[in-house]
There are 2 protein chains.
Amino acid sequence: MSKIKPTEKSYHHDDLRGKLIDATRGMIREGGVEAVSLRKLADRVGVSRTAAYHYFKDKNVLLCTLAQEGFRIWQEELDNIFQDETKPPADRYRGYIRWYMTYAVENAEYYDLMFGRAIWKQNTATEGLKKTAYDVFQKQVTMTRQCQDQGFLPATEDSLRLAQVTWGTLHGLARLLIDGIYTDDSHMDEMCDCAANLLMR
Amino acid sequence: MSKIKPTEKSYHHDDLRGKLIDATRGMIREGGVEAVSLRKLADRVGVSRTAAYHYFKDKNVLLCTLAQEGFRIWQEELDNIFQDETKPPADRYRGYIRWYMTYAVENAEYYDLMFGRAIWKQNTATEGLKKTAYDVFQKQVTMTRQCQDQGFLPATEDSLRLAQVTWGTLHGLARLLIDGIYTDDSHMDEMCDCAANLLMR
DNA sequence: ATTGTAATTTGACAGTGTCAAGATTGGTTG
DNA sequence: CAACCAATCTTGACACTGTCAAATTACAAT
């Protein structure tokens, strides 16, 4: 038995892979995707420049791994929100909008990693990331259909298309807030309400 | 009179500044913002690595200049669309949505420069760029109010907020299409229609 | 103890943006 | 016309970046 799972603890450092991921997450939170440098990362973990290459093919794969983790958590949050039986469905949807925008603003750098260009441009996304992200969207679609059935999203529209457009709306608003184009987050509540009014009926 | 306007033609190269801008625009169209390199740019124009520094403080200012140019053109297009008296107002708005998405997809790299993170993150935008972009948004607001008055955008909402949200919707959809998240542009028409149905009434 | 193999490091290369100092050039002035 | 001068452009240099190939280290099994 010569194979050792690289994710298991190794001798030199306990779970270097995990430490790399943790440190990268920290760097992203602090300075955004563009602040992630493999060499600074190595310094932070206390390892040589190219050590990360044994666990991640290149920088892109490392970032995709982090993004994928983000989508997994996102999925869980989504489930929690829409399984909360204490609120009426329409309130849950309003809560979802609120949660979306709040999360995006408070975790701007991480949101930017997940939905930003660095990863999605010209098919650089890992297969794993694509799949996980696709699952999240599937959830969004079924959730949309459910809301249509419950009568507060327009039933005339195709669910898939409607899911795209509603999600696009939230995504767009989030981007405006994060990048500070034409907006700052001081009026986030009003924007959420306005969006809810437009989308729901 | 010792001053010579740097924008005027110089002796070594006729209007180097203009040539730099042109070449940069080309690079953006070909490979996106992230493909712009000052050294490759210099090569392309046939000048030394640091020549551009005489006309632009740094790379960021160069990009902002290009983006600003984009916003000026954007402004003109917007005027054209909403001054077209041959169509009824509602059709003009639908046409605007169509134009927006088409432009974004067909000039993805340029759209990305104008509305993407590279320029807007943490206040790196030039004052000039900010102003020009702000003017465009102002137009969007007055246009929104006009549409509210004409009765096909909800009159109950605050114009500024509504302008933000409608624009956010288009921006979000454009980003989804450009980055290829959950979508490709083969269903752009349906997405435009769906968005129009949601926004207008 | 030796061998094998996985983990890690070192060296190197081709890029990048940007600063400081030097070289070039053409118009203005003595 | 010659000298100067300031705008323009180039060269050299520095500190970064990602990534590959080869050498080194360290542990497990024989």
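The basis for the numbers below is simple: all heavy atoms, side chains too, and nothing from hydrogens, waters or symmetry mates. Here is the naming used below: chain letters follow the sequence lines, and residue numbers restart at 1 for every chain.
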Legend entry - Residue-phosphate contact under 4.0 Å: A:Tyr53 side-chain N/O, D:dA21 OP1/OP2: no

Inset, instruction - Take atom CZ of B:Arg17 and atom C1' of D:dC9, then tell me their distance rounded to the nearest Å. - result: 17 Å

Inset, instruction - Compare side-chain N and O positions of A:His54 against OP1 and OP2 of C:dA7 and report whether any pair is under 4.0 Å apart. - result: yes

Legend entry - Name of the residue among A:Tyr110, A:Tyr111, A:Phe115, A:Tyr134 meeting ring pair (Phe, Tyr, Trp, His ring centres under 6.0 Å) with A:Phe71: A:Phe115

Inset, instruction - Measure the distance from NZ on B:Lys19 to C1' on D:dC9 and round it to the nearest whole Å. - result: 14 Å

Legend entry - Side-chain touch A:Leu62/A:Tyr55, heavy atoms, less than 4.5 angstrom: no

Inset, instruction - To the nearest Å, give me how far apart CG (B:Leu16) and C1' (D:dT8) are. - result: 9 Å

Inset, instruction - Classify the side chain of A:Thr50 versus the base of C:dT8 as yes if they form a donor-acceptor pair under 3.5 Å and no if they do not. - result: no

Inset, instruction - Would you tell me whether A:Thr126 and A:Gln68 have side-chain atoms, one donor and one acceptor, within less than 3.5 Å of each other? - result: no

Inset, instruction - Starting at atom CG of B:Leu63, determine the distance to atom P of C:dT16, rounded to an integer number of angstrom. - result: 14 Å

Inset, instruction - Evaluate the salt bridge (Lys or Arg N to Asp or Glu O under 4.0 Å) criterion for residues A:Lys40 and A:Asp43: first the C-alpha distance (whole Å), next the side-chain angles of each, then the deciding distance (0.1 Å), finally the verdict. - result: CA-CA 5 Å; A:Lys40 288 203 184 103; A:Asp43 274 5; over 6 Å; no

Inset, instruction - Please tell me which of the listed nucleotides, C:dT9, D:dT10, D:dG12, lies nearest to the side chain of B:Ala51? - result: D:dT10

Inset, instruction - With DNA chain C as reference, determine whether A:Gly46 or B:Lys57 sits nearer its 5' end, using the nearest nucleotide of each. - result: A:Gly46

Legend entry - More than 12 heavy atoms from other groups under 6.0 Å of CG on B:Asn123: no

Inset, instruction - Apply side chain to side chain contact (heavy atoms under 4.5 Å, CB included) to B:Lys121 and list each qualifying residue two or more places apart in sequence or on a separate chain. - result: A:Glu34, B:Arg117, B:Thr124

Inset, instruction - For DNA chain C, find the residues of residues 25-45 of chain A with a heavy-atom distance under 4.0 Å and give them by number; none if there aren't any. - result: A:Arg39

Legend entry - Interatomic distance where CZ belongs to B:Arg49 and C1' belongs to C:dG17 [whole Å]: 12 Å

Inset, instruction - Measure the distance from CG on A:Asp58 to C1' on C:dG15 and round it to the nearest whole Å. - result: 16 Å

Inset, instruction - Rounded off to whole Å, could you give me the NZ-to-P distance for the B:Lys59 and D:dT17 pair? - result: 15 Å

Legend entry - Residue pairs fulfilling ring-ring contact (aromatic ring centres under 6.0 Å, His included) with at least one residue in residues 179-201 of chain B, sequence neighbours excluded: A:Phe137-B:Tyr182, A:Trp167-B:Tyr182

Inset, instruction - With the side chain of B:Ser48 defined as its heavy atoms from C-beta on, choose the nearest nucleotide among C:dA7, C:dC19, D:dC9. - result: D:dC9

